[in-house]
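Take a look at the structure below.
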Amino acid sequence: MQTDAAFERAMRGLLHPRRVAIVGASERMGFASSIQRVMMRAGYDGEILPVNPRYESVFGYQAYPTVDAIPGEVDLAFLVVPNRFVFDVLEQCERAQVKAVNIISSGFAEKQEDATGGERQSMLRAWAERTGIRIVGPNCLGIISVPNRFNALSGPFDFPLHPGPVSAIFQSGLLIYSLVMPMHERGMGFTYVVT
């Protein structure tokens with residue numbers, strides 16, 4: 001069982017990260033580049049750490065070949081890689097003692113017609129229980145932490161939210177566009193949005 005201190009450490013890493021790895025980082029159009037560009041435009045003042053062995057830098061930020069090659073602690077890792085690579089990256093995250101993981105990749109239990117997707121989902125749960133590392137996802141769009149000016153949501157949602165007392169957690173990331181955007185336009189404030 002995870003202690004209160006371990007849980008608090010994981011939640012700080014998830015919702016108030018100071019060092020964020022984007023695994024699968026690239027300047028090509030896609031989820032990874034979208035997340036990094038939105039973080040940059042939102043004024044996030046923590047460290048952005050692109051991870052991709054094919055690049056020396058991504059959008060001017062030094063890139064690393066693996067998560068465990070990054071010097072120092074990593075609070076949060078976004079996994080934006082094909083699902084067949086997710087478990088290799090999770091092993092890197094475990095070695096690096098990453099506090100929390102957000103899996104953007106799809107191909108897990110949401111594909112009910114694919115039995116292997118359900119098996120991969122069970123493996124994710126077992127990994128999280130064994131390591132104590134918190135997972136958001138898979139198959140989601142990202143996270144926003146308004147107090148931290150941390151917008152890491154894939155897509156065109158790159159304007160600053162009004163700060164306020166509402167937090168929202170969505171099972172479907174697409175609901176953010178039909179619920180959060182209209183609320184924001186009416187001046188309602190947020191603390192956290194998690195897909």
Side-chain angles (χ1 to χ4, degrees), residues 1-26 30-36 38-39 44 46-59 61-110 116-117 119-145 148 150-154 169 173 192 194-195:
M1 177 180 283
Q2 200 171 34
T3 65
D4 289 345
F7 177 77
E8 185 178 331
R9 176 181 184 270
M11 290 300 99
R12 271 198 319 271
L14 182 67
L15 298 173
H16 296 273
R18 301 307 307 147
R19 303 186 80 224
V20 178
I22 303 172
V23 186
S26 171
F31 287 111
S33 66
S34 177
I35 287 170
Q36 185 170 344
V38 168
M39 285 175 66
Y44 173 63
E47 290 185 64
I48 299 173
L49 307 161
V51 176
N52 192 322
R54 292 182 294 173
Y55 302 112
E56 292 185 5
S57 67
V58 178
F59 295 120
Y61 291 81
Q62 178 182 346
Y64 298 90
T66 60
V67 177
D68 50 350
I70 298 170
E73 288 190 341
V74 174
D75 295 312
L76 175 62
F78 285 96
L79 276 59
V80 196
V81 295
N83 59 46
R84 67 184 180 276
F85 299 127
V86 163
F87 291 98
D88 291 337
V89 176
L90 288 176
E91 287 180 13
Q92 297 170 23
C93 291
E94 183 179 0
R95 288 192 297 270
Q97 299 181 328
V98 172
K99 295 183 180 93
V101 173
N102 190 319
I103 302 176
I104 307 299
S105 311
S106 62
F108 292 83
E110 79 279 3
T116 59
E119 291 171 16
R120 284 191 290 269
Q121 187 90 14
S122 296
M123 291 168 63
L124 281 182
R125 179 183 295 275
W127 181 86
E129 289 173 351
R130 180 179 62 76
T131 64
I133 298 172
R134 297 289 166 155
I135 295 177
V136 172
N139 192 24
C140 57
L141 293 179
I143 295 173
I144 297 173
S145 173
N148 205 33
F150 177 62
N151 183 348
L153 193 71
S154 178
I169 300 173
Y192 307 113
V194 180
T195 68

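This chain uses plain numbering: 1 for the first residue, then up along the sequence.
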Exercise for review: With sequence neighbours excluded, tell me which residues meet salt bridge (Lys or Arg N to Asp or Glu O under 4.0 Å) with E8.
Suggested key: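 By the salt bridge (Lys or Arg N to Asp or Glu O under 4.0 Å) rule, E8 matches R12.
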Exercise for review: Could you list the residues that satisfy salt bridge (Lys or Arg N to Asp or Glu O under 4.0 Å) with R130, not counting sequence neighbours?
Suggested key: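 For R130, the residues satisfying salt bridge (Lys or Arg N to Asp or Glu O under 4.0 Å) (neighbours in sequence not counted) are E94.
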Tell me, do [X] and [Y] make a side-chain contact under 4.5 Å, heavy atoms counted?
{"X": "V20", "Y": "M39", "result": "yes"}
{"X": "F78", "Y": "V51", "result": "no"}
{"X": "I48", "Y": "I22", "result": "yes"}
{"X": "P71", "Y": "Y64", "result": "yes"}
{"X": "V67", "Y": "V98", "result": "yes"}
{"X": "F150", "Y": "H16", "result": "no"}
{"X": "V194", "Y": "L15", "result": "yes"}

Review point. Nearest heavy-atom pair of A10 and A100: which atoms, and what distance?
Key: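 Heavy atoms of A10 and A100 come nearest at O-CB, 3.9 Å.
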Review point. How far does CG of L14 sit from CG of D75, to the nearest 0.5 angstrom?
Key: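 Reported value, rounded in 0.5 Å steps: 10.5 Å.
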Check your understanding: To the nearest 0.5 Å, how far apart are CD1 in I135 and CG in L90?
Key ->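 That separation rounds to 5.5 Å.
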Practice item. Take atom CZ of R95 as the centre, draw a 6.0 Å sphere, and report whether it contains more than 12 heavy atoms from other residues, nucleotides or ligands. Key: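 More than 12 heavy atoms, drawn from other residues, nucleotides or ligands, come within 6.0 Å of this atom.
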Point to revise | Y192 OH: over 12 foreign heavy atoms closer than 6.0 Å | key: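 Atom OH in Y192 is packed in, count exceeds 12.
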Examine distances only and state if a side-chain atom of [X] and a backbone atom of [Y] form a donor-acceptor pair shorter than 3.5 Å.
{"X": "N52", "Y": "R54", "value": "yes"}
{"X": "R19", "Y": "E47", "value": "no"}
{"X": "N83", "Y": "S106", "value": "yes"}
{"X": "T195", "Y": "G142", "value": "yes"}

Point to revise | Pairing residues for Y44 by the side-chain hydrogen bond (donor to acceptor under 3.5 Å, both in side chains) criterion, not counting sequence neighbours | key: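 With neighbours one apart ignored, the set is empty.
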